[in-house]
Amino acid sequence: MSFTELRYHTLDEISEVYERLQKTFRAGKTRPFDYRRRQLHQLGRLVQENLSALEAAVGEDLGKPKLETVGELNGVIAGVRYAIDNVEQWARPEKVEVVEDFKKGWDATVYKVPHGVVLVIGPWNYPYILNLGPLLGAIAAGCTCVVKPSELAPASSKLMEELCARYLDPDSYSILNGAVPETTHLLELRWDHILFTGSGRTGRIVAASAAKHATPVTLELGGKSPVVIADDADLDLAAKRVLHGKGQNSGQLCVSPDHVYVPRSKQDAFIAALLKHYDAFWPDGPFHESARWGKIVNPSHHARLRALLSRTKGEIVRGGRYDGEARIAPTIVKNVVPDDALMEEELFGPILPLVPVDDMEQTIRLLNAQTVPLVLYLFTNSENVKQQFLERTNSGTLVINDTTSQLAVYEMPFGGQRDSGYGRWNGKYTFDTFTHLRSYIHVPLAAEPFMDGRYMPYTDGKYEAMAAIVKAPLPKL
Ligand code: NAD
């Protein structure tokens with residue numbers, strides 16, 4: 001648990017900031033590209049000049065190893081560089097190639113205009129990339145933006161508030177801190193877009209509040225992201241990559257491999273490979289100082305995970321140890337059945353259940369019976385197996401032969417499907433999320449002689465002319 005006291009903003013302060021950001025946006029201050037690039041540059045400096053403080057804050061909140069935090073911040077810096085280099089091109093109006101002759105002179109164009117004043121609500125588990133990442137997209141899009149980080153990571157939320165006030169234009173961007181009452185107040189205000197990252201339960205509350213103002217929402221939720229080990233998989237490499245994915249932030253990652261479907265005949269060999277890599281990753285055990293093994297965010301999540309472990313009918317192969325109310329050792333559980341306690345909810349902790357299956361058909365049936373995950377990890381080298389999973393299963397992302405490395409590909413959209421959310425962000429996709437595509441035409445006065453057929457009175461002759469167009473032959477197949 002963190003020791004930092006986080007001061008929550010008062011409801012009056014929240015309303016004041018909202019009014020200020022509205023005024024700034026209406027004045028057009030955030031639209032010029034030079035302004036956007038300067039603010040993005042400042043965000044980059046914020047990270048680079050405060051690396052140690054940022055690492056220390058999330059270290060206090062989560063005991064997160066510096067290597068993981070610097071990797072997370074690398075995501076912010078990569079996003080800043082990408083946006084500075086490309087924002088002007090992303091925002092360039094697009095002339096539309098019209099196909100029908102009569103519209104050809106109408107100057108059909110799509111303008112990329114900022115949505116306006118936007119709200120980002122973030123979780124505690126990767127506080128920098130999941131708050132500053134959307135913020136940088138909002139800056140690139142030309143929006144003003146409030147970010148509400150999680151109160152469960154008080155040291156990093158407090159630091160982001162202080163640093164953003166110091167580095168970014170306070171008329172345009174603000175970090176507001178608070179818990180449920182403060183967020184509820186924020187949600188009563190009318191935003192032009194809300195990007196929420198967190199649990200499905202809260203996401204539904206956010207979407208329902210946004211609906212009152214018809215505000216568009218992006219929901220980045222979690223869920224149980226499965227791993228599938230196919231018959232032909234390289235078991236040793238799969239074990240190493242799954243254990244590494246599960247180990248990041250002690251399993252508290254939205255794309256953590258949640259559980260593993262493994263061929264029944266290969267479960268023992270897969271466990272042997274997992275144990276080999278377990279010993280290599282944490283040679284002196286996960287609680288030894290050298291392991292830099294992080295904490296569970298708070299005692300109530302610690303108790304939730306302990307309760308799940310106490311109810312499982314699976315067999316613990318390794319781990320299952322606790323360190324007060326702070327840490328839980330990476331824990332491998334075998335012979336877990338699909339309706340086991342460990343399969344009830346997103347684990348969001350360092351427990352890895354292995355679910356033995358008879359064949360691929362059973363795996364696909366099990367996958368399609370559960371909620372749609374943020375990501376599906378499939379270990380195989382068979383083209384046929386890849387195709388089967390591409391065509392017959394659903395997920396936000398499908399990753400072959402690795403875990404979590406999709407996060408590095410910011411050139412691709414990141415987002416869920418159905419239960420794991422809707423909308424997308426990352427790289428240009430965050431810019432798109434905060435951008436309205438404003439269609440534009442300019443109908444020339446000179447077109448008037450060709451428009452007579454649409455005007456009243458609606459004569460039979462005009463009808464026949466229009467009906468002839470409807471009845472014209474379709475393209476040949
Ligand atoms: P959470 O839903 O509890 O909280 C997220 C945010 O919502 C916080 O800022 C919190 O203050 C606010 N909030 C909480 N309750 C609220 C309420 N009743 N009304 C209004 N606001 C409220 O989620 P969390 O525990 O911070 O994060 C863990 C979850 O987030 C996991 O399910 C994880 O998979 C998911 N997640 C998803 C992604 C993604 O990119 N898809 C990334 C990280 C985490």
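We count ligands from 1, going down the list as the structure has it; atoms in each ligand are counted the same way. Nothing here was measured: the structure is a model prediction, and the numbers come from that model.
Remark: the Ser256 side chain and the Gln248 side chain contain no N/O donor-acceptor pair separated by less than 3.5 Å.
Residue Asn125 has no N or O atom closer than 3.5 Å to an N or O atom of ligand 1. Ligand 1 has an N or O atom lying under 3.5 Å from an N or O atom of Gly122, backbone or side chain. Taking only nitrogen or oxygen atoms, main chain and side chain alike, Ala179 does not reach within less than 3.5 Å of ligand 1. Ligand 1 has an N or O atom lying under 3.5 Å from an N or O atom of Glu151, backbone or side chain. An N or O contact shorter than 3.5 Å is missing between Gly223 and ligand 1 by distance. For ligand 1, the polar-atom distance check finds no N/O of Thr197 at less than 3.5 Å from any of the ligand's N/O atoms. Between Glu346 and ligand 1, at least one pair of N/O atoms sits closer than 3.5 Å.
For ligand 1, the atoms lying closer than 4.0 Å to a non-hydrogen atom of Lys148 are 8 (C), 9 (O), 10 (C), 11 (O). The distance from ligand 1 to the heavy atoms of Phe348 drops below 4.0 Å at these ligand atoms: 28 (C), 31 (C), 33 (C), 34 (O).
Ring centroids of His115 and Phe434 are separated by 6.0 Å or more, keeping the two rings apart. If you look at Trp425 and Phe196, their ring centroids are not closer than 6.0 Å.
Residue Gly198 holds the heavy atom nearest to atom 29 (C) of ligand 1 of all those in Pro134, Gly222, Gly198.
Taking the charged nitrogens against the carboxylate oxygens, Arg424 and Glu220 have no contact shorter than 4.0 Å, which rules out a salt bridge.
Ranking the protein heavy atoms by distance from atom 37 (C) of ligand 1 puts Cys254 CB, 3.3 Å first. Summary of contacts: the protein heavy atom closest to atom 40 (O) of ligand 1 is Phe414 CE2, 3.2 Å. The protein non-hydrogen atom at the shortest distance from atom 3 (O) of ligand 1 is Thr202 OG1, 3.9 Å.
Note that Arg318 lies in the cation-pi zone of Tyr278, set by a 6.0 Å cut-off to the ring centre and a 45° limit from the axis.
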